Amino acid sequence: MFIFAAHSKNHSKMNIDLLIRNEVAKALNALYAVEIKSEEVQTQMTRKEFEGDLTVVVFPYLRHSKKGPEQTAAEIGEHLVANVSEIEKFNVVKGFLNLLVSSKYWINELYQAFQIDDFGYRNANNESPLAMVEYSSPNTNKPLHLGHIRNNLLGYSISEILKADGKKVVKTNIVNDRGIHICKSMYAWIQAGKNDTPESTGLKGDHLVGNYYVKFDQIYKAEIADLISKGKTKEEAEKEAPSMAGARELLLKWEANDAETRKLWAKMNQWVYDGFDITYKNMGVDFDKIYYESETYLVGRDEVLRGLEEGIFERHDDGSVWANLENEGLDQKILLRSDGTSVYMTQDIGTAKLRYEDFKIDKMVYVVGNEQNYHFQVLSILLDKLGFEWGKNLYHFSYGMVELPNGKMKSREGTVVDADDLMEGMIKVAKETSEELGKLDGFTDDEKSEIYRKIALGALKYFILKVDPKKTMLFNPEESIDFNGNTGPFIQYTYARIQSVLRKASDMGLSWQQTGMAIEPGAKELELIKKITTFPEVVSESANNFSPAVIANYCYDLVKEYNQFYHDYPILKEENEAQKLFRLQLTQTTGNVIRNGMALLGIECPERM
RNA sequence: GGUCCUGUAGCUCAACUGGAUAGAGCAGCGGCCUUCUAAGCCGCAGGUUGUGGGUUCGAGCCCCGCCAGGAUCACCA
């Protein structure tokens with residue numbers, strides 16, 4: 001059984017690490033007659049200021065060797081050099097044993113990676129565990145905004161990462177298509193819509209419906225102000241406002257299956273779906289299976305009623321149904337309102353049940369903001385109480401909010417950053433920047449706009465995904481996202497340069513498939529190979545930690561390394577033929593890893609830019 | 001108030017889950033295009049890791065207290 005660990009110990013090191021830990025364990029046994037498991041041997045990549053590739057920390061073994069750190073390290077080092085052919089030499093600094101691995105080993109490692117186009121990916125097979133990843137999960141009353149962007153990018157990326165780590169993945173979306181929110185938009189449209197449609201207004205459907213949601217709020221506020229001016233208290237006014245009553249009435253009619261209400265509901269939701277489809281497509285995210293709250297909430301209600309019959313839940317005097325979670329250290333949680341209608345939690349129970357009926361899920365992953373930590377804690381317990389043994393195994397991929405310089409986005413203050421506007425704005429900046437640099441002369445307009453799109457989305461996605469998902473992040477709409485430095489376009493640019501070199505090499509009639517060449521790689525070349533060979537472990541690490549940021553930061557480090565190599569070493573102009581072909585292998589492999597890594601972030605790399 | 005999260009350079013973020021002298025980018029200053037794409041490369045400057053204790057060979061990371069910010073504890077979603 002595969003374990004989906006949220007925080008497993010997984011160091012991003014290369015294969016050699018396994019070998020060395022094994023050999024160190026053997027050495028300890030031979031030298032000091034102690035049994036140390038190879039997994040317990042501590043290693044790390046040698047810091048750049050010291051000579052070596054891998055470093056063994058020897059402090060833990062001093063009590064076995066009964067000698068000082070330097071002497072202990074030296075003894076282990078000598079034993080390793082004598083017994084392990086891959087280890088050429090060693091040096092000791094304080095309690096750190098630095099081991100130098102032969103360049104022959106590294107060249108072979110590169111050649112292994114070079115031969116695999118999707119190096120770093122592990123393919124799922126029939127026995128692989130299935131993860132279902134829920135993300136996006138929008139309400140259908142307004143367009144997507146910056147917060148949704150972080151959610152969508154994380155959800156898509158973590159799905160791709162899990163796939164690359166050898167899991168089967170089903171991407172899913174629960175659309176909150178029913179409830180008071182959409183009724184508000186419906187009410188305002190009836191009152192003030194004059195039969196507007198996306199066609200008649202030229203507006204994207206989700207924006208049109210969103211405008212009526214805003215309109216509703218205006219009507220509602222005006223009514224409250226009016227009622228208060230007529231002597232009502234704020235509470236009375238909020239209760240009596242005709243618009244709110246109207247929206248509530250629509251909700252009741254909807255639940256009662258009123259034909260006209262359902263028709264309008266379906267129509268306006270369809271407008272929103274058409275709008276969302278465009279946004280999702282532009283964002284480059286997709287789903288394998290979509291659930292609708294309107295189709296799951298009744299299932300949830302039945303489950304709650306079953307739980308009530310079985311004595312798991314309790315009914316209060318007013319008819320509402322509650323779960324008592326005081327034994328779990330939590331409060332009471334409402335599951336059905338006194339009028340029998342369901343709440344968010346009810347719907348989530350129903351959706352979960354349907355999902356497990358539809359798929360053989362080993363791990364359910366919910367990509368939902370950390371403001372809902374409590375909700376998922378409760379959901380997990382409730383599913384468990386209802387007898388779904390998978391309940392306690394659900395994973396809430398809890399991510400931090402996106403904040404603006406003056407705090408959270410507030411629709412009332414008009415500070416919401418719209419997803420469509422943001423992407424469009426990014427494309428515009430990409431176009432301007434590209435035109436200034438003037439490198440795309442001679443391309444058709446279609447080719448150019450495709451490149452602008454890739455760069456713009458690369459910048460946006462990388463900007464968001466490079467941040468640790470758990471952390472609150474800041475977005476300043478006043479400053480457009482950079483294209484220089486630690487950015488998506490910087491990485492894309494390196495990829496484009498690599499492809500340019502490879503094209504030129506092909507044009508020169510070169511072929512660089514051969515192996516077993518006698519090469520003396522330079523320091524930068526070895527650094528680059530080491531970086532490349534850690535990629536599979538980086539993929540696992542990002543999967544185990546649910547962190548696309550791990551991939552993003554790796555891509556940046558890799559590219560930085562390559563750019564130094566590119567700057568310092570001639571490739572096509574190298575006179576030694578074997579050295580030249582080796583550098584082409586190195587270049588091509590780096591390009592593959594960049595492309596594969598960025599793909600895990602949902603970022604495409606243009607061949608030229 | 002209870003629970004949980006966060007605090008690292010002027011700003012945005014890293015730090016391989018307890019390891020060596022805490023690293024990048026942006027902003028600032030200074031170099032490098034007749035040579036494989038300068039969206040690049042190199043250098044300078046920038047830090048009491050919020051704060052006070054503790055644990056140990058070793059703490060940005062673990063424990064306790066305090067300070068600051070945020071989330072949540074709804075018959076909202």
Side-chain angles (χ1 to χ4, degrees), chain A residues 7-13 42-47 49-50 55 57 59-60 62 69 93-96 98 137 139 176 179-181 293 316 318-322 329-331 333-339 341 343-345 347-348 369-375 377 398 400-401 403 407-408 430 433-434 436-437 439 455 459 463 466-468 470-476 479 482-487 489-494 496-505 534 537-538 541 545 549-550 552-554 556-557 559-560 563-564 566-574 583 587 608-609:
Chain A
H7 299 285
S8 78
K9 295 204 175 192
N10 196 329
H11 307 249
S12 36
K13 292 177 210 112
Q42 284 185 56
T43 60
Q44 56 190 286
M45 292 180 74
T46 304
R47 297 183 67 109
E49 56 266 39
F50 304 106
T55 296
V57 183
F59 290 110
L62 301 185
V93 182
K94 293 194 238 175
F96 299 92
N98 301 320
S137 307
N139 289 350
N176 301 116
I180 192 70
H181 49 88
E293 185 186 347
H316 288 189
D318 62 4
S320 54
V321 177
W322 295 74
L330 304 173
D331 295 328
K333 188 75 191 176
I334 189 157
L335 300 175
L336 288 176
R337 297 189 187 99
S338 52
D339 63 3
T341 59
V343 296
Y344 182 44
M345 189 64 78
Q347 172 268 116
D348 256 343
N370 61 14
E371 57 196 352
Q372 294 190 32
N373 286 353
Y374 183 71
H375 174 83
Q377 200 184 343
S398 168
M401 299 290 100
E403 288 190 355
K408 291 182 74 172
T433 309
S434 251
E436 256 172 54
L437 292 168
K439 294 183 181 180
I455 294 171
F463 179 84
K466 76 170 176 179
V467 181
D468 180 346
K470 289 197 296 283
K471 292 189 178 173
T472 303
M473 67 171 290
L474 191 104
F475 178 85
N476 189 347
E479 304 167 6
D482 248 303
F483 287 3
N484 300 320
N486 187 356
T487 67
F490 167 62
I491 296 167
Q492 290 170 317
Y493 172 72
T494 304
R497 271 206 313 203
I498 284 173
Q499 299 317 308
S500 173
V501 172
L502 296 176
R503 276 193 303 272
K504 289 207 162 112
T534 61
E537 282 72 29
V538 170
E541 189 196 336
N545 292 320
V550 169
N553 289 315
Y554 168 81
Y556 177 68
D557 291 340
V559 157
K560 196 123 181 76
N563 280 336
Q564 290 169 9
Y566 179 89
H567 183 267
D568 295 346
Y569 294 70
I571 303 169
L572 300 174
K573 294 192 172 70
E574 169 61 39
R583 285 179 188 163
T587 295
R608 306 159 200 260
M609 66 184 274

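Proteins get letters first, then strands, A, B, ... in listed order; numbering begins at 1 in each. Note that this is a predicted model, so its numbers are computed, not measured.
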Closest to the A/K94 side chain: B/rG40, B/rG19, B/rU21? B/rU21
For this output row, return yes or no: ring centroids of A/F483 and A/Y493 closer than 6.0 angstrom. no
Nearest-angstrom distance from the residue atom NZ of A/K471 to C1' of B/rG69: 15 Å
Look only at the side chain of A/R583 and the backbone of A/P570, and say whether a donor-acceptor pair between them is shorter than 3.5 Å. yes
Touch check for A/N98, heavy atoms < 4.0 angstrom, all strands: base, sugar-phosphate only, or nothing? base
Base, sugar-phosphate alone, or nothing: which one does A/V93 contact when heavy atoms must sit under 4.0 Å apart? base
I need the CD1-P distance between A/I491 and B/rC41, as an integer number of Å. 11 Å
Can you check the A/Q44 CD to B/rC61 P distance for me, whole Å? 17 Å
Please state whether the base of B/rA71 and the side chain of A/T472 form at least one donor-acceptor pair under 3.5 Å? no
Rounded to the nearest angstrom, tell me the gap between atom NZ in A/K560 and atom P in B/rG25. 4 Å
Would you mind classifying the nucleic acid contact of A/F475 as base, sugar-phosphate or nothing, using non-hydrogen atoms under 4.0 angstrom? nothing
Should A/R497 be listed as having a side-chain N or O under 4.0 Å from OP1 or OP2 of B/rA38? yes
Which part of the nucleic acid, if any, lies within reach of A/Y374 when heavy atoms closer than 4.0 Å are counted: base, sugar-phosphate only, or nothing? sugar-phosphate
Nearest heavy atom decides the nucleotide; on that basis, is A/T46 or A/D339 closer to the 5' end of RNA chain B? A/T46
Find the distance A/K466:NZ to B/rA15:C1' and express it as a whole number of Å. 15 Å
Expected label for B/rC33 (glycosidic angle, syn inside 90° of 0, else anti) would be syn
What integer distance in Å separates A/E479:CD from B/rC11:P? 12 Å
Is the aromatic ring centre of A/F96 closer than 5.5 Å to the centre of the six-membered base ring of B/rA20, with the two planes inclined by less than 30°? yes
Considering just the side-chain nitrogens and oxygens of A/R337, establish if one lies under 4.0 Å of OP1 or OP2 belonging to B/rA74. no
How close or far is atom C1' of B/rU3 from atom CD of A/Q372, stated in whole angstroms? 17 Å
Look at all strands and tell whether A/T494 reaches a base, only sugar-phosphate, or nothing, counting heavy atoms closer than 4.0 Å. nothing
Give a yes/no verdict on base stacking between B/rA20 and A/F50: centres under 5.5 Å, planes within less than 30° of parallel. yes
Of A/K504 and A/W322, the one whose closest nucleotide on RNA chain B sits nearer the 5' end is A/K504
Just to be sure I understand the rule, does A/M473 reach a base, reach only the sugar-phosphate, or reach nothing, if contact means heavy atoms closer than 4.0 Å? sugar-phosphate
Report which part of the nucleic acid A/D468 touches: base, sugar-phosphate, or nothing (heavy-atom distance under 4.0 Å, all strands). sugar-phosphate
Do A/N98 and A/R47 have a side chain donor and acceptor closer than 3.5 Å? no
May I ask you to say what A/S398 touches in the nucleic acid, namely base, sugar-phosphate or nothing, with a heavy-atom cut-off under 4.0 Å? nothing
Just call it for A/F463: base, sugar-phosphate, or nothing, with non-hydrogen atoms closer than 4.0 Å on any strand. nothing
Partner lookup for B/rA9, please. Criteria are Watson-Crick or G-U wobble with both distances under 3.5 angstrom; report none if nothing qualifies. none
Both distances under 3.5 Å, Watson-Crick or G-U wobble: report the partner of B/rC16, or none. none
Would you classify A/L62 as touching base, sugar-phosphate or nothing, given that sugar-phosphate means primed atoms plus P, OP1 and OP2, and contacts are heavy atoms under 4.0 Å? nothing
Nearest-angstrom distance, P atom, B/rG50 to B/rU6: 13 Å
Residue pair A/N563, A/F490: steps toward the side chain to side chain contact (heavy atoms under 4.5 Å, CB included) verdict: CA-CA 10 Å; A/N563 280 336; A/F490 167 62; 3.2 Å; yes
Base, sugar-phosphate alone, or nothing: which one does A/Q347 contact when heavy atoms must sit under 4.0 Å apart? nothing
Checking all strands, does A/V57 fall into the base, sugar-phosphate, or nothing category for heavy-atom contacts under 4.0 angstrom? base
Taking CG from A/D482 and C1' from B/rC13, how many angstroms apart are they, rounded to a whole number? 13 Å
With ring centroids as reference points, do A/F96 and A/F50 lie under 6.0 angstrom apart? no
For the side chain of A/N484 and the base of B/rA27, is some donor closer than 3.5 Å to an acceptor across the two? no
Taking the six-membered ring for Trp, does A/F59 stack with B/rG19 (centroid gap under 5.5 Å, planes within less than 30°)? yes
If you look at every strand shown and take non-hydrogen atoms under 4.0 Å, does A/P69 touch a base, only sugar-phosphate, or nothing? nothing
Mind checking A/L474 for me? I need base, sugar-phosphate or nothing, with any heavy atom below 4.0 Å counting as a touch. sugar-phosphate
Watson-Crick/G-U partner (both atom distances under 3.5 Å) of B/rA59: none
